[in-house]
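Index from 1, following the sequence. Just so it is clear, the values below take in all heavy atoms, side chains as well, and ignore hydrogens, waters and symmetry mates.
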Amino acid sequence: MNLVLMTLLDYINDPHISVVDRCIGEYIVKNINQVSLYSINQLAKSASVSISQVSRFIKHIGFQSFSDFKESLNVHGHSQRHSLLQRDNQMEVSTYQKYVQEEIQYFFEHFSFDMLDEFIYDLLSFSKIGMFGILNSENMVKNLHYDLAMKGIMTYSFSHFIDQLSFIENADDQTLIVIYSISGEYVTDNCYSRYYQTLTALKKSRAKIYVVTNNKKLSHFSYLDRIIHIPIKNQLYHYSLQCFNDVVLLELQKHRLP
């Protein structure tokens, strides 16, 4: 999924944005593969708005300039990350079933349950909790966000990436932050940090930060407090993350729930 496309969809689905911004956003989404070739003048003319209105829109979705927006669109447009199922549109159902079974079995054979104790304790102890992810990881964050609420644990989870970073950057030491990032790109020096100041937010934050990831290298970064490694075999990582979510709920029941 393209990060810029996700940002655009989140923004234009906000009922409070202006008619002009929605018009520009919808035009870009409908022409997502061509817009990176446009000048700001061409985009304004094609969307039937003014150049200044395009400039304001670009800043509203978190970019400093139209050139930054185009560069990010090119980067993410050519490096879309998909699960195995999204990449292979020729897969047979029987093959898919085999991969799913292998993925789940692999998770339970290789996941380190020892790392859960502190995580469960922190979920029960911190008065303010933020849970975030982008692209495919965000869906699994939302699942746990809802399940925790059903168990009486309030968490904050924003779809807008900029809102997530604002929460992280301004969090105090009484806040717990859980980030789902299978690749680890959310929390490392990469194209996200170039356009969205990801590292600035993480390094300024005083919160305790967990990252749920498949990237073992993240343990070397001092601005991250805890790494929970998710073992993945066939890149059907939403199944692995769902297993992790379910395990967290099962462990919570031992400590608190009636």
Side-chain angles (χ1 to χ4, degrees), residues 1-82 86-87 130 132-139 141-142 156-171 177 179-205 223:
M1 184 184 292
N2 186 311
L3 177 58
V4 180
L5 180 59
M6 181 205 73
T7 301
L8 287 165
L9 290 172
D10 282 344
Y11 185 68
I12 64 178
N13 278 285
D14 184 337
H16 303 294
I17 69 170
S18 69
V19 173
V20 171
D21 273 6
R22 179 167 285 107
C23 175
I24 297 170
E26 288 179 353
Y27 180 84
I28 294 173
V29 169
K30 291 176 181 177
N31 299 276
I32 195 71
N33 295 320
Q34 290 78 43
V35 167
S36 62
L37 304 175
Y38 289 11
S39 67
I40 191 170
N41 304 61
Q42 289 173 306
L43 178 57
K45 183 176 180 180
S46 299
S48 301
V49 297
S50 69
I51 294 174
S52 61
Q53 287 171 323
V54 172
S55 294
R56 283 195 293 271
F57 173 84
I58 294 301
K59 291 181 178 179
H60 289 166
I61 61 174
F63 294 92
Q64 296 299 312
S65 67
F66 186 68
S67 60
D68 271 357
F69 170 73
K70 284 178 53 175
E71 187 178 351
S72 181
L73 190 60
N74 278 322
V75 167
H76 293 289
H78 294 297
S79 61
Q80 297 177 11
R81 289 179 293 129
H82 301 284
Q86 292 168 321
R87 288 198 304 267
F132 308 122
I134 54 176
L135 306 178
N136 294 313
S137 293
E138 183 188 11
N139 295 328
V141 168
K142 293 292 187 183
Y156 296 87
S157 184
F158 309 117
S159 293
H160 291 269
F161 193 34
I162 296 171
D163 292 337
Q164 296 180 19
L165 296 185
S166 177
F167 183 96
I168 293 169
E169 183 173 344
N170 294 298
I177 291 174
I179 298 171
Y180 280 34
S181 178
I182 288 298
S183 68
E185 288 187 354
Y186 190 119
V187 298
T188 55
D189 188 7
N190 59 79
C191 48
Y192 294 165
S193 59
R194 163 66 178 85
Y195 304 108
Y196 303 100
Q197 296 79 52
T198 313
L199 292 186
T200 300
L202 289 164
K203 291 178 178 180
K204 281 186 177 181
S205 183
Y223 52 88

Asker: Between S137 and G133, is there a donor-acceptor pair closer than 3.5 Å when you use the side chain of the first and the backbone of the second?
Answerer: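 A pair under 3.5 Å: no.
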
Asker: Quick one: pull up CD1 in I24 and CD1 in I58 and give me the separation to the nearest 0.5 Å.
Answerer: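 One gets 8.0 Å once the value is rounded to the nearest 0.5 Å.
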
Asker: Donor-acceptor check, side chain of K70 to backbone of S39, threshold 3.5 angstrom: yes or no?
Answerer: no

Asker: How long is the gap from OG1 on T200 to CD1 on I168, to the nearest 0.5 Å?
Answerer: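 The distance works out to 11.5 Å.
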
Asker: How long is the straight-line distance from CG of N13 back to CD of E26, given to the nearest 0.5 Å?
Answerer: 9.0 Å

Asker: Using every non-hydrogen atom in the two residues, find where A44 and I51 come nearest and quote the distance to one decimal.
Answerer: CB-N, 3.8 Å

Asker: Quick check for you: to the nearest 0.5 Å, what is the distance between L73 atom CG and F63 atom CZ?
Answerer: 8.0 Å

Asker: Is the count of non-hydrogen atoms from other residues, nucleotides or ligands lying under 6.0 Å from F158 atom CZ greater than 12?
Answerer: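 Check passes, neighbour count above 12.
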
Asker: Please give me the minimum heavy-atom distance between L37 and Q42, naming the atom from each residue.
Answerer: O-OE1, 3.9 Å

Asker: For the residue pair I12 and I28, establish whether any side-chain heavy-atom pair is separated by less than 4.5 Å.
Answerer: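 No, too far: nothing below the 4.5 Å cut-off.
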
Asker: Does the ring center of F167 lie less than 6.0 Å from the ring center of F132?
Answerer: yes

Asker: Return the CG to CD1 distance between L202 and I177, rounded to the nearest 0.5 Å.
Answerer: 8.0 Å

Asker: So does K204 have more than 12 non-hydrogen atoms from other groups sitting under 6.0 Å from NZ?
Answerer: no

Asker: Write down the atom of G25, the atom of F57, and the distance for their closest heavy-atom approach.
Answerer: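 Answer, listing the atom of G25 first, then F57: CA-CZ, 3.6 Å.
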
Asker: Can you confirm whether V35 sits close enough to F69 that some side-chain heavy atom of one is under 4.5 Å from a side-chain heavy atom of the other?
Answerer: yes

Asker: Between H60 and D21, what is the shortest heavy-atom contact and its length?
Answerer: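 Closest heavy-atom pair between H60 and D21: ND1-OD2, 2.7 Å.
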
Asker: Do F66 and L43 have side chains that approach each other closer than 4.5 Å (heavy atoms only, starting at C-beta)?
Answerer: yes

Asker: Quick one: pull up CG in L5 and CG in L9 and give me the separation to the nearest 0.5 Å.
Answerer: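 One gets 4.5 Å once the value is rounded to the nearest 0.5 Å.
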
Asker: So, for C23 and A47, which heavy atoms are closest and what is the spacing to 0.1 Å?
Answerer: SG-O, 3.6 Å

Asker: Taking all atoms of both residues into account, what is the closest heavy-atom pair of Q164 and Y186, and its distance?
Answerer: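 Heavy-atom minimum between the residues: OE1-OH, 2.8 Å.
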
